[in-house]
Amino acid sequence: ANADSGIFVQNSQGNLIGTDADGVSDTFERNLVSGNMHEGIVLLGSAAKQNAIAGNSIGVAEDGSIALGNGRAGIFVSIGVTQARIGGGLPAERNVISGNVGSGIIVDVTQDIWIAGNLIGTNIAGTGAVANGKHGIDLFSSKTVIGTNGDGITDSGEGNLISGNKLSGIL
C-alpha cells in the first residue's frame with residue numbers, strides 16, 4: 001500500500017486516469033487503485049478541470065470480486081474541481097468502485113461533475129456485493145449529474161449500478 005493516496009491530481013487539467021475507450025487495448029489501459037492508506041484517487045483544486053477517471057478498478061482486487069479497499073474513499077473530488085467525469089457511457093469506461101473503507105465516491109465543493117456507467121458497491125460483474133464501508137456516493141455542496149446527461153449519445157450505458165454499500169447508495 002501507498003502511505004497516502006494511490007493517485008493525487010491537484011490543480012491540473014485534461015488528465016485521463018484509465019482508458020481512452022477507443023477500442024484498442026482498453027482492458028490494459030485500466031488502473032488497479034486499491035489498498036492505499038488514504039483515498040484511491042484524489043482530484044483537488046480550482047484549477048483542476050476537464051479530468052476523467054474511466055475504466056479503473058478502485059478498492060477491489062485485480063479480478064474485481066473481492067475487496068482490497070483504500071483506507072478512506074475510493075474517489076475524492078473536492079475544492080473547486082470543475083468538469084470532471086467519473087465513468088462514462090461506454091462499457092470500457094465503467095469504473096468498479098467497491099470495497100473501500102469509506103464511501104465509494106465523495107464529491108465536495110465542486111461543479112459540473114458527471115458520474116455515469118459505474119459499478120459502485122458491487123463486484124466487477126455487478127452480480128454481488130463488495131460493499132463500500134459508508135455510502136456509494138456522498139455529495140456535499142456540489143453540482144453533480146449522476147447517470148445520463150441526456151445528450152442522446154450512449155445514454156443507455158450511462159446508468160450507475162449502486163448497490164451493496166454499508167450505508168446509503170447516494171447521500
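Throughout, residue positions are numbered sequentially from 1 according to the sequence presented.
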What about [X] and [Y], same hydrophobic cluster or not, with Ile/Leu/Val/Met/Phe/Trp/Tyr joined at side-chain heavy-atom distances under 4.5 Å?
X      : Y      : value
Ile105 : Val42  : no
Phe76  : Leu139 : no
Val9   : Trp114 : no
Ile17  : Ile115 : yes
Val81  : Ile7   : yes

Stepwise side-chain contact (heavy atoms from CB on, under 4.5 Å) check, Asp26 with Asp20: CA-CA 7 Å; Asp26 291 335; Asp20 59 10; 3.6 Å; yes
Asn51 and Val77: CA distance, side-chain angles, deciding distance, side-chain contact (heavy atoms from CB on, under 4.5 Å) verdict: CA-CA 11 Å; Asn51 292 298; Val77 181; over 6 Å; no
With sequence neighbours excluded, residues passing side-chain contact (heavy atoms from CB on, under 4.5 Å) with Ala67: Val130
side-chain contact (heavy atoms from CB on, under 4.5 Å) partners for Lys166, two or more places apart: Ala131
Distance-only donor-acceptor check, side chains Gln13 and Gln50, under 3.5 Å: no
Within the side chain of [X], is there an N or O that forms a donor-acceptor pair under 3.5 Å with the backbone of [Y]?
X      : Y      : value
Asn118 : Asn95  : yes
Asp63  : Ser65  : yes
Ser78  : Leu44  : no
His135 : Ser168 : yes
Arg72  : Gly74  : no

Heavy atoms, side chains only, cut-off 4.5 Å: are [X] and [Y] in contact?
X     : Y      : result
Val60 : Ile124 : no
Thr82 : Gln111 : yes
Ile53 : Leu43  : yes

Nearest heavy atoms of [X] and [Y], plus distance in Å:
X      : Y      : answer
Asp138 : Ser103 : OD2-OG, 3.5 Å
Asn2   : Ser5   : CB-O, 3.9 Å
Ala21  : Glu93  : CB-CG, 3.6 Å
Asn36  : Glu39  : CB-O, 4.0 Å
Gly35  : Ala1   : O-CB, 2.6 Å
Ser57  : Ser34  : O-OG, 4.0 Å

Ile97/Ile86 under side-chain contact (heavy atoms from CB on, under 4.5 Å): CA gap, chis, key distance, verdict: CA-CA 10 Å; Ile97 309 164; Ile86 301 170; 4.2 Å; yes
[atom1]/[X] to [atom2]/[Y] distance, rounded to the nearest 0.5 angstrom?
X      : Y      : atom1 : atom2 : result
Asn11  : Ser46  : CG    : OG    : 5.5 Å
Arg94  : Asn160 : CZ    : CG    : 9.5 Å
Ser163 : Asn123 : OG    : CG    : 10.0 Å
Gln83  : Thr110 : CD    : OG1   : 11.5 Å
Thr144 : Ile137 : OG1   : CD1   : 8.5 Å
Asp112 : Arg85  : CG    : CZ    : 14.5 Å

Salt bridge (charged side-chain N to carboxylate O under 4.0 Å, His left out) partners for Asp155, two or more places apart: none
Glu158 and Asp151: CA distance, side-chain angles, deciding distance, side-chain contact (heavy atoms from CB on, under 4.5 Å) verdict: CA-CA 11 Å; Glu158 293 173 356; Asp151 65 1; 4.2 Å; yes
From Thr122, Asn70, Asn100, residue fulfilling side chain to side chain donor-acceptor pair (under 3.5 Å) relative to Asn132: Asn100
